[in-house]
Amino acid sequence: TSIISLIADCFIIFGYLAFRSLKKLAFTFVFCIALGDVCRSLAQTWGDVSDLTALCRIQGWLQTFGAVAMGLFFATIAAVCLSIKKFGGWWKTKTQADIKRFQQLVVLFVAVFAMICAFVPWNTYEYGGGWCWIDDSSLGHILRYVCYYGVLFVCLLLILIIYPE
């Protein structure tokens, strides 16, 4: 499934890069979701790297970074949709430069936040049967919930609250 996901991601990435008309706010966030999925998918195609500690940690980092970034971008799209619905007049007062700046700030925030979430458990990434990820220690369990499940749960909750609006 990782290969199929990579093919779909490549379609989105190449389409975004090839067509200037797609370089708008929503498409940029979809492009970033595809990049996050590329990180996860590439890491999963490596398979068993249990004997290589550095590669194992990189694999775990890519999976955590990609998933957290994707979740945050999905939540961002939901939040932007809600803000357009509720505050459409405010959005109409913004220039293209304002929207571009907003887009850059969101991408920067998501990237930095996802990197922090992926780096915090760096020393706990180890092989766990199939691929490397945060280990099964008590610290590992805490880090899984703080740096991964917790973030994704908040994103999911936000999406579930916003989309019925």
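Note that these values count all heavy atoms, side chains included, but never hydrogens, waters or copies made by symmetry.
- Taking both residues in full, the closest heavy atoms of L158 and A75 are given as CD2-CB, 3.7 Å, listed atom of the first, atom of the second, then distance.
- Atom NZ of K24 has 12 or fewer heavy atoms from other residues, nucleotides or ligands within 6.0 Å.
- Remark: I12 CD1 to I7 CD1 distance equals 12.5 Å, nearest 0.5 Å.
- Following chains of ILVMFWY side-chain contacts shorter than 4.5 Å, one can reach L17 starting from L22, so the two form part of one hydrophobic cluster.
- At least one side-chain heavy atom of I77 sits under 4.5 Å from a side-chain heavy atom of V30.
- To the nearest 0.5 Å, the span separating OH on Y148 from CG on L152 amounts to 5.5 Å.
- Looking at F73 and V107, their side chains come closer than 4.5 Å, going by heavy atoms from C-beta outward.
- In the hydrophobic clustering of ILVMFWY residues, with side-chain heavy atoms under 4.5 Å counting as a link, F65 and W46 come out together.
- At most 12 heavy atoms of other shown residues, nucleotides or ligands fall within 6.0 angstrom of atom CD1 in I4.
- When the side chains of ILVMFWY residues are joined at heavy-atom separations under 4.5 Å, either directly or via intervening members, V80 and L82 end up in two distinct hydrophobic clusters.
- Closest approach of V151 and V146 over heavy atoms only: CG2-O, 3.6 Å.
- Counted by atom type alone, D135 and T124 present zero donor-acceptor pairs between their side chains at under 3.5 Å.
- With rounding to the nearest 0.5 Å, the separation of CG in N123 from CZ in R57 is 4.5 Å.
- In the model, T53 has no side-chain atom that pairs as donor or acceptor with a side-chain atom of Y125 under 3.5 Å.
- Within the 4.5 Å cutoff, no side-chain heavy atoms of C81 are placed close to those of I162.
- Put simply, W133 and F153 are part of two different groups of oily side chains (I, L, V, M, F, W, Y) that touch within less than 4.5 Å, one to the next.
- By the 4.5 Å heavy-atom criterion applied to side chains, T93 and D98 are not counted as neighbours.
- Heavy-atom minimum distance, I159 versus A78: CG1-CB, 4.1 Å.
- The side-chain heavy atoms of W122 and I58, taken from C-beta on, include a pair separated by under 4.5 Å.
- Tracing side-chain contacts under 4.5 Å through hydrophobic residues (I, L, V, M, F, W, Y), one reaches M70 starting from V112; they form part of the same cluster.
- For an aromatic pair to be called close, the ring centres must be under 6.0 Å apart, and F102 with W91 satisfies this.
- The aromatic ring centroids of F109 and F113 lie less than 6.0 Å from each other.
- For S5 against S41, the heavy-atom pair with the smallest separation is OG-OG, 3.4 Å.
- Panel note: side chain K23, backbone T28; no donor-acceptor pair is recorded below 3.5 Å.
- In this structure, the side chains of I13 and V38 come closer than 4.5 Å at one or more pairs of heavy atoms.
- Side-chain N or O atoms of Q63 include one that pairs as donor or acceptor with a backbone N or O of C132 at under 3.5 Å.
- The distance between the ring centers of F119 and W61 falls below 6.0 angstrom.
- Residue Y163 qualifies as enclosed at atom OH: its count of foreign heavy atoms under 6.0 Å is above 12.
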Legend entry - Worked verdict on V68 versus C147 for side-chain contact (heavy atoms from CB on, under 4.5 Å): CA-CA 8 Å; V68 170; C147 298; over 6 Å; no
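- Remark: Q103 CD to L108 CG distance equals 12.5 Å, nearest 0.5 Å.
- Here the shortest heavy-atom pairing between T45 and S2 reads CG2-CB, 3.7 Å.
- Of the possible polar contacts, none joining the R144 side chain to the Y149 backbone as a donor-acceptor pair under 3.5 Å is found.
- Applying the side-chain hydrogen bond (donor to acceptor under 3.5 Å, both in side chains) rule to K86 yields the partners E165; only residues at least two apart in sequence or on another chain are considered.
- Separating the CZ atom in R101 from the OG1 atom in T95 is a distance of 12.0 Å, to the nearest 0.5 Å.
- Atoms CD1 and CG, from I33 and D9 in turn, are 10.5 Å apart once rounded to the nearest 0.5 Å.
- Put simply, the side chain of L62 does not reach to within 4.5 Å of the side chain of R40, judged on heavy atoms.
- In this structure, F27 places its CZ atom where only 12 or fewer heavy-atom neighbours from other residues, nucleotides or ligands lie under 6.0 Å away.
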